[in-house]
Amino acid sequence: GAALAADRRAAPRIIACVFANNRSGLDDPLRSSDGGAISFFDWCAGEVSGCVISANVALTRNDAGGIFVALWSAPRLAGNVFTANAGGDDAGALFIGGQEHRYGVPLDPYPPADKFTVAVERNVFAGNTNSSKNSGAMRVTMESRVRFTDNLITENEGGFYLQRSEIVAERNTVWQDWRFVEDKPSLGPSRFAGNILRGPLGGRVEARVTLARNMAEPAAGGTDTISVADVFLADGVAGGIATVRYDAAKFTTAITTTDALAATARLTGRPVRIGPGKSGQWRVIKSATAREFVVWGRLEAETTPPAEFAILRTFTLKPDAPAGVGARLNAGGP
């Protein structure tokens, strides 16, 4: 936890905060610095809600550039925006694990649901990455039990990676790759309902999971499956950049645009890519006026200044979208 570490049954409430440009593992040869922004370890609880988690990094083969949750910790993560976080090993934005890595000693018994269930609700994951680019948004593993509701996962290098865990996923929008691999007899069955899972699906679904009324590729299987279609409003905003100015006192970066921004667009709290395509840097908008928007934190130094930006569309469902599928978001951070 480069900015904040919770341990030994701590239960912090972290509300409307910004975690930007933190680094864990600066002097770590032992892979013991997981969580570029925040870590929860050893039966911790609490919550992280309404926060911006942006451009944090877990260095030297550590997990979770954003938030690391492990050893039966079960915080509630709600209404946060994760962008541009990078994991040196697994998980760019979010790592969730139950069992501790142990060799040669017995594992813990699997805790009941009322003692161990992580809640992940109404979060946005965009533009995150990890070293192998297979779990940029998240990796959930090691006998975790998690309920995912109304989350948006898109534009990450590696998306919704689930492994050997007990999962309930309802009304999430995963507009990129996803996978659910491995199973274990001690785990209960998982359930996916009302999700939009654009794919591609990273291999066969190996876990015991019931899939019902999801928008998904045929390879996912399940019942009452809806064909994948782009059912979202086209409310992204793109344009040119005139100047970039970093304010060290406020720890923000102001972007002046070449043309006026749409007066009707609500931009606060939205992920934005600054620079072209995959080489652009993702950040989160703090505020906006007619010819300028301000993002949290600083940009990484580059030899050529960025010339364009693209604000992510909100993935708001069109009025004629199929009922009961996809995320209903209220994320945005401070």
Side-chain angles (χ1 to χ4, degrees), residues 77-78 91 93-98 110 113 116-126 134-233 313-329 331:
L77 311 177
L94 174 63
F95 180 95
I96 300 176
Y110 193 45
F116 174 59
T117 300
V118 184
V120 182
E121 308 165 356
R122 297 179 291 100
N123 302 283
V124 174
F125 298 86
N134 65 352
S135 56
M138 68 184 68
R139 187 166 182 177
V140 181
T141 186
M142 301 190 310
E143 299 183 61
S144 295
R145 184 187 288 113
V146 189
R147 178 180 289 275
F148 290 98
T149 311
D150 289 309
N151 298 284
L152 169 62
I153 301 169
T154 188
E155 299 285 346
N156 304 280
E157 293 187 309
F160 196 34
Y161 191 135
L162 310 173
Q163 176 186 33
R164 203 167 60 251
S165 295
E166 188 176 314
I167 304 295
V168 173
E170 298 176 323
R171 300 185 313 278
N172 301 282
T173 296
V174 183
W175 201 246
Q176 66 167 110
D177 59 293
W178 68 283
R179 66 188 67 193
F180 197 172
V181 299
E182 297 185 54
D183 206 341
K184 194 170 182 179
S186 60
L187 301 170
S190 296
R191 179 169 60 87
F192 279 42
N195 302 285
I196 294 177
L197 306 168
R198 186 188 70 171
L201 175 61
R204 184 172 59 89
V205 176
E206 300 173 1
R208 289 165 295 143
V209 55
T210 299
L211 295 104
R213 193 170 170 73
N214 297 286
M215 179 181 285
E217 301 293 343
T223 61
D224 199 17
T225 303
I226 302 167
S227 298
V228 174
D230 192 328
V231 293
F232 311 103
L233 297 180
R313 57 178 170 169
T314 62
F315 282 82
T316 299
L317 292 158
K318 295 177 180 177
D320 60 351
V325 298
R328 271 66 174 173
L329 287 166

Practice task
Quick one: list whatever passes ring pair (Phe, Tyr, Trp, His ring centres under 6.0 Å) with Phe232, sequence neighbours left out.
Solution key: Trp175, Phe315

Handout entry: Residue pairs fulfilling salt bridge (charged side-chain N to carboxylate O under 4.0 Å, His left out) with at least one residue in residues 192-207, sequence neighbours excluded
Key = none

Handout entry: Residues Val120, Val140; criterion side-chain contact (heavy atoms from CB on, under 4.5 Å); working and verdict
Key = CA-CA 11 Å; Val120 182; Val140 181; over 6 Å; no

Practice task
Let me know which of Trp178, Phe148, Phe125 forms a ring-ring contact (aromatic ring centres under 6.0 Å, His included) with Phe160.
Solution key: Phe148

Handout entry: Check: Ser190 side chain, Val209 main-chain N or O, donor-acceptor pair, under 3.5 Å
Key = no

Practice task
Could I get the full list of side-chain hydrogen bond (donor to acceptor under 3.5 Å, both in side chains) partners for Gln176, not counting sequence neighbours?
Solution key: Asn156

Completion exercise
Residues Ile226 and Pro322: closest non-hydrogen pair is CD1-CB, 4.0 Å

Problem - side-chain hydrogen bond (donor to acceptor under 3.5 Å, both in side chains) against Ser144, all qualifying residues, sequence neighbours excluded - result: none

Problem - Between CZ on residue Arg171 and OG1 on residue Thr149, distance to nearest 0.5 Å - result: 6.0 Å

Exercise for the section: Kindly write out the residues that satisfy ring pair (Phe, Tyr, Trp, His ring centres under 6.0 Å) with Tyr161, not counting sequence neighbours, or none if the list is empty. Expected result: none

Problem - Selection residues 313-323 - residue pairs positive for side chain to side chain donor-acceptor pair (under 3.5 Å), sequence neighbours left out - result: Asp230-Arg313, Asp235-Thr314, Thr314-Thr316

Exercise for the section: Examine distances only and state if a side-chain atom of Thr173 and a backbone atom of Ile196 form a donor-acceptor pair shorter than 3.5 Å. Expected result: no

Handout entry: Rounded distance [0.5 Å steps], CD1 in Ile153 versus CG in Leu94
Key = 9.0 Å

Fill in the blank from the handout: When rounded to the nearest 0.5 Å, the distance separating CG of Asp177 from OG1 of Thr154 is 10.0 Å

Practice task
Output the distance between atom CG (Leu152) and atom CG (Leu329), rounded to the nearest 0.5 Å.
Solution key: 5.5 Å

Practice task
Sort and list the pairs that fulfil salt bridge (charged side-chain N to carboxylate O under 4.0 Å, His left out) and have at least one residue in residues 183-195, not counting sequence neighbours.
Solution key: Glu143-Lys184, Glu170-Arg191, Asp183-Arg208

Practice task
Inspect the contact between Asp150 and Arg328 and indicate whether a charged nitrogen and a carboxylate oxygen are less than 4.0 angstrom apart.
Solution key: no

Handout entry: From CD (Glu217) to OG1 (Thr225), nearest 0.5 Å
Key = 10.5 Å

Problem - Residues forming a salt bridge (charged side-chain N to carboxylate O under 4.0 Å, His left out) with Asp224, sequence neighbours excluded - result: Arg213

Handout entry: Point-to-point distance, once rounded to the nearest 0.5 Å, from CD of Gln163 to OG1 of Thr141
Key = 3.5 Å

Problem - salt bridge (charged side-chain N to carboxylate O under 4.0 Å, His left out) partners for Glu182, two or more places apart - result: Arg164

Handout entry: Set of residues satisfying side chain to side chain contact (heavy atoms under 4.5 Å, CB included) with respect to Ala119, sequence neighbours excluded
Key = Arg76, Glu121

Handout entry: Distance-minimising heavy-atom pair for Leu317 and Leu233
Key = O-CG, 4.4 Å

Fill in the blank from the handout: All heavy atoms of Ala137 vs all of Gly159, minimum pair found to be CB-O, 3.4 Å

Practice task
Using side-chain hydrogen bond (donor to acceptor under 3.5 Å, both in side chains) as the criterion, list what pairs up with Asn195, not counting sequence neighbours.
Solution key: Asn172, Asn214

Problem - Closest approach of Ala78 to Arg122 (non-hydrogen atoms, all atoms of both residues) - result: CB-NH2, 3.8 Å

Problem - For Ala229, side chain to side chain contact (heavy atoms under 4.5 Å, CB included) partners two or more places apart - result: Val231

